[in-house]
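A quick write-up on the structure given underneath.
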Amino acid sequence: MISRRKVSQVALAIALSGGWFSQASAREADETIIITGRSLEETLPQELSHYGHDVVTVDAKQIKDGAALDVARALEAVPGLYIRSQSGPFSYVDVALQGSRTQDVLWTWDGIRLNNRLYGTTSPNDTLPASMIERVEILRGGESLFYGTQAAAGTINIVTRDFTDDFDGQINGSVDSFAGTSVDGYARGAVGRHKFVAYATHNQSEGYRPYSRIEPSATDRKRGYDLWSAGLKYQFELAEDLKLNAFWQHTEARIDNLSPARVNESRNDRNEEIASLRLDYTGSDTVQFFLKGYFHDWKTAYVNIRNPVPAGPPVVLYPPGTFWGYQDYGGSAVVKLRPHRGLEYLVGYDYQRFNGRDDVLLIAPTNEKVHAGILQVRTTDDLSRKARIAAGARYNRAQQAEKTIWNVSGRYDFSDALFAEANGGTSFILPDASQLYGNDPCCEFGNPKLKAEESLNLNAALGGNLAFSSGRLQWKAAYFNRRITNLIDYDYDDPAFPNGTYINVPNKVKAQGATLELNATLDKGLTASASYTWSRVRNPGSSVQRDRNPEQYGRAAIGYAPTDKPFGANVAVLWTGDVYSTLPGFGRRNYGNYAVVDAGVYFYPDVRRKHRLGINVENLFDREYASGGFRRAVSDAGVLNGTNTPFLYYLRGVPRTLRVSYGIGF
């Protein structure tokens with residue numbers, strides 16, 4: 001039995017080999033791919049990276065160095081991922097992972113599904129603090145084999161603080177130039193066969209003006225938030241290789257949900273519970289398994305009070321407590337078998353049950369059940385240490401559809417300096433509740449006849465590393481291609497639905513592109529990284545890029561973290577090329593073509609590096625840019641003269657923000 005500390009180091013080495021393409025690390029990890037003491041669920045992303053799946057890992061140090069408050073900010077450094085918070089920290093995000101839409105990416109929190117099945121285009125970013133993250137694993141490409149619906153373009157798996165044998169912890173605090181404060185802390189350790197991690201965090205801010213234009217009738221003009229979370233992880237060692245794991249997190253949030261005209265008060269008050277119970281057996285090379293049950297409950301009390309035009313007493317559009325929310329719960333089991341040399345088998349079952357309703361944008365109460373069976377076959381080192389191949393299938397049975405999808409992947413190590421990998425197959429997305437059952441007279445009407453989307457995916461890459469006298473250069477060049485059948489989109493041409501409805505787009509929507517990644521580790525603590533992504537995403541028969549999907553984007557960063565000095569620094573440039581919005585009456589508008597610079601420094605005032613002072617500036621040159629595309633609203637003048645004349649506005653990216661943080665470890 002290897003020690004827990006050694007297990008963590010080996011697991012991290014595997015993760016980094018998938019994310020930073022170190023062939024030497026990959027070979028070392030291969031020798032310990034069966035990791036005694038770690039859950040099969042926890043090691044799944046790293047294991048998939050050994051069979052050609054494209055995995056990138058962001059660790060806690062990267063998150064801290066960037067002074068990230070929420071998950072979206074922590075993920076901005078991921079190559080191939082375009083992610084923008086629409087209105088600053090803890091807001092909805094726009095996501096394009098290798099040419100995808102926001103709803104094509106699955107989010108999980110310690111393996112628990114987080115995506116909102118009421119609305120596929122929303123994300124869990126507005127209730128996830130970054131301070132409690134151990135690492136984030138991003139699987140790029142179709143990942144429906146193990147993760148199911150909405151993993152058509154990839155999966156973002158967020159892992160909270162891990163267990164340790166030794167007692168330790170940390171307390172952190174920060175303030176920023178928008179009256180924002182953040183306080184967080186955790187403690188973890190072990191008592192006999194019991195291990196625990198306890199954590200809590202609180203974030204609040206007055207926020208900034210979120211829109212490029214706000215009408216005089218709007219009196220609430222800053223999007224603020226007040227959010228706190230507390231969590232507990234517990235592990236009991238029933239036997240040396242049989243462990244029971246429990247997880248619970250509670251989150252409460254008051255998050256402004258403003259509009260650029262007539263808003264007096266508009267807010268989502270959230271109450272969220274996430275919990276799981278998992279049994280892990282990891283003691284044998286022949287048999288490993290996990291059994292897991294999970295529960296995700298999301299309740300929102302919404303309020304919307306508007307100022308009339310002309311001026312008068314406020315009008316209650318939605319009284320405080322108006323409900324929208326859902327419950328998502330179920331269970332899963334996966335068994336890994338190695339009954340003979342040469343091959344191993346993963347067999348699994350996944351069950352999900354969902355129910356929810358929305359009394360704001362009306363969705364009738366709805367529920368859903370999904371059953372899935374999973375089988376994957378893999379080669380082992382007994383056949384080849386250079387080549388690894390995996391193939392699998394998943395059968396899904398839901399109320400709306402039955403789908404069988406498949407996946408084949410592989411990796412070949414030509415030498416310590418060069419490898420090739422590929423991952424291909426099919427993925428699916430079930431229509432969400434609003435697309436099926438929406439019945440609000442203001443908005444698009446649901447279509448219960450919608451079919452599930454299905455996509456054919458291919459990811460292929462070459463990568464490796466080059467050693468030179470002053471350091472090492474790691475590189476990767478990747479190509480991606482998706483063909484989407486029955487893509488679900490808006491339709492405003494049916495006279496029976498004047499406000500629009502949802503349809504399956506005929507013919508195939510195509511997305512393809514490439515990503516180039518470079519990562520250099522130099523002498524004296526210097527690091528440098530750069531990535532560039534080009535994507536072409538078009539509707540059938542169209543010659544223009546789909547809206548809200550950038551054609552090009554990239555990032556470059558330099559870091560300085562010497563081991564013999566008590567300080568460090570980092571600078572990053574985030575560049576976005578053309579991105580378009582198309583709105584009736586305004587046509588097609590480009591809201592891209594901008595670059596944002598972030599910078600930070602940190603100091604360790606004590607020899608043991610238990611204390612840390614950080615100073616970070618987001619958007620150093622205060623660049624004005626659109627973070628969420630153009631929208632339209634009726635102007636005050638249009639209300640007064642009866643014409644309902646609309647105006648165009650965009651969601652503003654984060655202005656220049658100074659954040660000072662201080663942390664104490666123990």
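What's counted below: heavy atoms across the whole structure, side chains too, no hydrogens, waters or symmetry copies.
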Does one side chain, of [X] or [Y], offer a donor that lies under 3.5 Å from an acceptor on the other?
X    : Y    : answer
Q204 : H202 : no
S661 : S174 : no
Q235 : R193 : no
E273 : W248 : yes
R659 : S182 : no
N519 : S529 : no
D184 : T201 : no
D65  : N570 : no
N619 : D598 : no
R472 : N465 : yes
Y294 : Q352 : no
Y302 : N304 : yes

- Item | Heavy-atom pair of closest approach, residues Q150 and N115 |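 Closest approach of Q150 to N115: NE2-ND2, 3.3 Å.
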- Message: Taking CG in L232 as the centre, count heavy atoms belonging to other residues, nucleotides or ligands within less than 6.0 Å. Is the count above 12?
- Response: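 Counting neighbours around CG of L232, more than 12 heavy atoms of other residues, nucleotides or ligands fall under 6.0 Å, so yes.
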- Task: Answer yes or no: are there more than 12 heavy-atom neighbours, outside R608 itself, under 6.0 Å from its atom CZ?
- Result: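 Open: at most 12 neighbouring heavy atoms sit under 6.0 Å from CZ of R608.
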- Query: Which of these passes side-chain contact (heavy atoms from CB on, under 4.5 Å) with L620: V617, D622, N616?
  - Reply: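 Running side-chain contact (heavy atoms from CB on, under 4.5 Å) over V617, D622, N616 with L620 returns exactly one hit, V617.
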- Task: Can you spot which of H296, H250, K299 makes a side chain to side chain donor-acceptor pair (under 3.5 Å) with E272?
- Result: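 Exactly one option meets the side chain to side chain donor-acceptor pair (under 3.5 Å) with E272, and it is H296.
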- Item | Test side-chain contact (heavy atoms from CB on, under 4.5 Å) applied to R188 and Y199, step by step | CA-CA 9 Å; R188 57 186 178 179; Y199 61 87; over 6 Å; no
- Task: Just do the side-chain contact (heavy atoms from CB on, under 4.5 Å) check on R140 and L97 with the steps written out, would you?
- Result: CA-CA 7 Å; R140 302 178 293 191; L97 180 55; 3.8 Å; yes
Salt-bridge present ([X], [Y]; N to O < 4.0 Å):
X    : Y    : answer
R161 : D110 : no
D328 : R113 : yes
D220 : K222 : no
K292 : E41  : yes
R656 : E624 : no

- Message: Determine whether D269 and R254 satisfy the following criterion, salt bridge (charged side-chain N to carboxylate O under 4.0 Å, His left out), listing intermediate values before the conclusion.
- Response: CA-CA 4 Å; D269 292 345; R254 295 165 59 90; 3.8 Å; yes
- Which distance, rounded to the nearest 0.5 Å, do you find between the CD of Q86 and the OG1 of T102?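 Separation between the atoms: 7.5 Å.
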- Nearest 0.5 Å please: distance from the CZ atom of R652 over to the OH atom of Y211.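 The distance works out to 12.0 Å.
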- Task: Could you walk me through whether E252 and L227 pass side-chain contact (heavy atoms from CB on, under 4.5 Å), step by step?
- Result: CA-CA 6 Å; E252 291 186 13; L227 175 146; over 6 Å; no
- Start with the C-alpha gap between N157 and W109, add the side-chain angles, then the distance that decides, and say whether side-chain contact (heavy atoms from CB on, under 4.5 Å) holds. CA-CA 6 Å; N157 182 44; W109 182 260; over 6 Å; no
- Message: Tell me if the aromatic rings of H194 and Y234 count as close, with their centers under 6.0 Å from one another.
- Response: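 Ring-ring flag for H194/Y234: true, centres closer than 6.0 Å.
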- Pair listing, salt bridge (Lys or Arg N to Asp or Glu O under 4.0 Å) test, anchored in residues 555-568, at least two apart: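 For residues 555-568: none.
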- Picking from D165, D166, D162, what satisfies salt bridge (charged side-chain N to carboxylate O under 4.0 Å, His left out) with K195?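 The option that passes is D165.
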- Item | side-chain contact (heavy atoms from CB on, under 4.5 Å) partners for T533, two or more places apart |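 Per chain and number, T533 pairs via side-chain contact (heavy atoms from CB on, under 4.5 Å) with F480, T515, Y553.
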